[in-house]
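Below is one structure, written out as structure tokens, with a few remarks after it.
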Amino acid sequence: MKFNTKTIHGGQEHDPAYGSVMPPIYQTSTYAQTTPGGHKGYEYSRTHNPTRNALENAFASIENGNHGLAFGSGLAAIDAILKLLKAGDEVVSTNDLYGGTYRLFTKIYEDFGIKFHFIGMKNAERIEDYINVNTKLIWVETPTNPMMNIIDILTTAKIAKKHKVLLAVDNTFATPYLQRPLDLGADIVMHSATKYLGGHSDLVMGALIVKDKDLADRLCFIQNASGAICGPQDSFLALRGIKTLHIRMQRHCENGKAVAEYLENHPKIKNVYWPGLKDHPNHEIAKSQMNDFGGMVSFTTRRNNYKEAIKIVENLKIFTLAESLGGVESLAGHPASMTHASIPKEERERTGVVDSLIRLSVGIEDKDDLIADLKQAIG
Ligand SMILES: *Cc1c(COP(=O)(O)O)cnc(C)c1O
């Protein structure tokens, strides 16, 4: 089955009870048993729920995995991965990552005795220098948030295999429409399904997808034992979202390109970060591991002035000033004061998150309207 068919049918079957084409929302916590243990595969909805299972099968299908797991948020999904580790273990992580992931690593898991090395991964070979006998996990986000750096998944996966270290890839920005990390050798794919997979800014959810059965069993144990699951209503919404992922992504990419090219030629704009631009430092790797370049675009102004950047995001009319990304509607954010406010200024500036950096989640509206909006806002 090809990707554009998988988004609609992957892992799905019509409901056995009445043949309903969409899985019903099984809004139940528990399931009747005829005798203790005599049930139809479902006992309690923290462990399993038919609507959530349908979604988990869809997750697995679109990422070319064998097992999918759904969580109450992207961070809950990352939290489950970290629970595979124990005190004394070490993690090599990209230094340009989602602020909430950084916060989870440093403010919670460092206290539990896990050591993190945050490094630039533009050159993936550097990762090997930070691996030792205690290293258990490599954490990669690509494209990175918000600098749109590209990390070479294939090379990283080879290093991970060589040292028997797990490789987890946060695939939130790319989605499986653009890149499939499991095919490139990653062990775990993670999503904030809140973003493109859900696609309509109407839910908060996380996903993990793996190929390996033992790893899936360990993660399912954690999912059930720690309990950070999502409910059946949200599972239904995410399933509905996934059905249009391929057509939404096609338009996100088309509009992202138009916006990046417009900004690149704007006299007041200094840097434009979009992996499809030829002068992007890892454009060639992006071309080799992605099918297109997505709808996330970041830029800085020539004056690099904090107040000027705030004015621009306030002036936007079609782009909504808001946290988050990946919905059908265009959003704009100012990382230094919003998503990345929890990262110390020195740390964030080292990775390029300067005061004037603006991040756009380019939606699927008409691109002429989006460009006209940027034009009037930047002035
Ligand atoms: C939003 C996001 C997360 C966190 O997901 P939540 O659903 O908000 O918990 C993690 N990684 C990336 C890249 C994100 O954009």
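First listed ligand is number 1; within each ligand, the first listed atom is number 1. Bear in mind that the values here come from a model prediction, so they are computed numbers and not experimental data. Heads up: numbering here begins at 1 and tracks the sequence.
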- Query: With a cut-off of 4.0 Å, which atoms of ligand 1 are near a heavy atom of Leu325?
  - Reply: 15 (O)
- Message: Is it the case that the side chains of Thr101 and Glu141 hold a donor-acceptor pair, with the cut-off being a distance below 3.5 Å and no angle test?
- Response: no
- Item | ring-ring contact (aromatic ring centres under 6.0 Å, His included) between His191 and Phe59, intermediate numbers included | CA-CA 10 Å; His191 277 278; Phe59 283 154; 7.3 Å; no
- Message: Is the contact between Leu75 and ligand 1 made by the side chain, the backbone, both, or neither, using heavy atoms and a 4.0 Å cut-off?
- Response: both
- Message: Whether Asp129 and Arg126 form a salt bridge (side-chain N of Lys/Arg under 4.0 Å from carboxylate O of Asp/Glu) is what I want to check.
- Response: no
- Task: Quick one: look up the protein heavy atom nearest atom 6 (P) of ligand 1 and list residue, atom name and how far away it is.
- Result: Gly74 N, 3.3 Å
- Message: Is the contact between Met205 and ligand 1 made by the side chain, the backbone, both, or neither, using heavy atoms and a 4.0 Å cut-off?
- Response: backbone
- Note on the structure: atom 8 (O) of ligand 1: closest protein heavy atom, distance to 0.1 Å, is Tyr98 OH, 3.9 Å
- Item | Which of the ligand 1 atoms, numbered from 1, are nearer than 4.0 Å to a heavy atom of Glu141 | 13 (C)
- Task: Determine, stepwise, if the pair Glu308 / Lys311 fulfils salt bridge (Lys or Arg N to Asp or Glu O under 4.0 Å).
- Result: CA-CA 5 Å; Glu308 182 194 35; Lys311 256 264 103 40; over 6 Å; no
- Message: Apply salt bridge (Lys or Arg N to Asp or Glu O under 4.0 Å) to residues Lys162 and Glu128 and explain how you reach the verdict.
- Response: CA-CA 10 Å; Lys162 181 173 154 197; Glu128 202 154 17; 2.6 Å; yes
- Message: Taking 4.0 angstrom as the limit and counting only heavy atoms of Ser73, give me the atoms of ligand 1 inside it, by number and element.
- Response: 7 (O), 9 (O)
- Query: How close does the nearest protein non-hydrogen atom get to atom 12 (C) of ligand 1, and which residue and atom is it?
  - Reply: Asp170 OD2, 3.4 Å
- Item | Asn145-ligand 1 polar pair, N/O distance under 3.5 Å | no
- Message: Is a donor from one side chain sitting under 3.5 angstrom from an acceptor on the other, for Asn145 and Arg359?
- Response: yes
- Looking at side-chain heavy atoms only, is the closest gap between Asn66 and Ile209 below 4.5 Å? no
- Looking only at protein heavy atoms, which one is nearest to atom 2 (C) of ligand 1, and how far off is it? Lys195 NZ, 2.5 Å
- Message: Check this for me, if you would: do Arg52 and Asp234 make a salt bridge, where the nitrogen-to-carboxylate-oxygen distance has to be below 4.0 angstrom?
- Response: no
- Message: Residue-level breakdown please: for Leu97 versus ligand 1, do any non-hydrogen atoms fall below 4.0 Å on the side chain, on the backbone, on both, or on neither?
- Response: neither
